[in-house]
Every structure is written in C-alpha cells, then in structure tokens.
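Below: the structure, in structure tokens.
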Amino acid sequence: MSNRRKPPIPGLYRRTFLHSREWFARRDRWFAEQAARGIPLTCAGCGHAANKNQLELHHLDYSGVVPGDDRILARELHEDLTPMHAYCHELLHRLIDRDQVLSYNRSRRDASEIALAKLRRSLAHVQENTP
Ligand SMILES: [Zn+2]
Ligand SMILES: [Zn+2]
C-alpha cells in the first residue's frame with residue numbers, strides 16, 4: 001500500500017469515513033484526550049498554537065481504520081493521529097504525493113515524519129523572510 005492519499009479501502013474511505021459520525025466522534029475523543037494529557041494544541045506543521053476548530057487530524061498510521069459490519073471503525077491509537085491546520089495538512093500531503101520514496105518506500109509514519117520535518121524547515125524559512 002502506498003502513502004499517497006489512497007485509502008485503505010479504496011474510494012470508500014474518503015467518501016464515507018472522513019464524513020462519518022464514527023470519525024467525528026474519534027476526532028472529539030482525540031482532542032479530549034490531548035486536553036486530559038495537558039498538551040497544548042499546536043499544528044504539527046507550522047508549530048503555531050491553534051484551537052480544535054482550526055485543526056484537522058492527519059493519520060500517521062491507518063491500521064486503526066478497520067472495516068466493521070456496516071461501517072468503517074475508527075480504532076486509531078492516540079499516537080496514530082497528529083493535529084494540523086488544513087493548509088499545513090494539504091502541504092504535507094503534497095510533499096508525500098510528489099515524492100516516490102515517501103509515497104512507496106517508507107511506512108506511513110516514517111513518510112509523514114520525514115515530510116513533516118521538510119515542511120517545518122520550509123515554513124520556518126518563509127517566516128524568516130517575512131518582515
Ligand atoms: Zn500549521
Ligand atoms: Zn493527512
């Protein structure tokens with residue numbers, strides 16, 4: 001399986017899972033857990049503080065997304081998800097999609113971490129050059 005935005009269950013994933021009650025509930029639990037752990041919300045891409053409504057969750061691992069009888073189940077571990085601004089999230093996916101090695105020759109977690117490091121460097125560079 002590749003790390004491109006290809007779903008574990010082709011087609012079904014983006015069409016249904018990311019719009020499902022199951023996923024919205026999992027998302028809420030993730031933010032509740034993060035708050036319970038006392039971890040401030042920041043974007044994994046640019047590093048800026050953000051609130052729940054400004055953040056999407058990127059999957060570092062899809063193994064918790066499993067087909068159930070009538071719907072896809074969200075069994076991700078807390079560590080399988082990382083918060084990102086929609087904009088930073090989109091940039092992250094572009095970095096992965098454009099790179100053959102990241103798309104096909106790394107685990108999704110490794111590909112995400114390599115791409116996140118790249119993204120942080122380029123976003124930091126943008127900030128340095130902004131008056
Ligand atoms: Zn960001
Ligand atoms: Zn993502």
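Note that ligands are numbered from 1 as they come in the structure, with each ligand's atoms numbered from 1 the same way.
Taking 2.8 Å as the threshold, H93 counts as a candidate ligand of the Zn ion (ligand 2), since one of its N, O or S atoms lies below it. Inclusion of C88 in the first shell of the Zn ion (ligand 1) is supported: an N, O or S atom falls under 2.8 Å. Because the distance cut-off is set at 2.8 Å, H89 fails to qualify as a neighbour of the Zn ion (ligand 1), as none of its N, O or S atoms comes that close.
Salt-bridge check for R94 with E90: passed, with a basic side-chain N closer than 4.0 Å to an acidic carboxylate O. The residues R106 and D99 are annotated as not salt-bridged, no charged nitrogen and carboxylate oxygen being separated by less than 4.0 angstrom.
Using modelled atom types, one finds no donor on one side chain facing an acceptor on the other under 3.5 Å when comparing Q54 with H85.
For D70, the CG atom is densely surrounded, since the number of other residues' heavy atoms within 6.0 Å is greater than 12.
The Zn ion (ligand 1) lies at the vertex of an angle of 110° between the ND1 atom of H85 and the SG atom of C43 (rounded to 10°).
Ring geometry, H78 versus W30: the interplanar angle falls under 30°, so the pair is classed parallel (tilted spans 30 to 60°).
Nearest N/O/S atom of H58 relative to the Zn ion (ligand 2): this is ND1.
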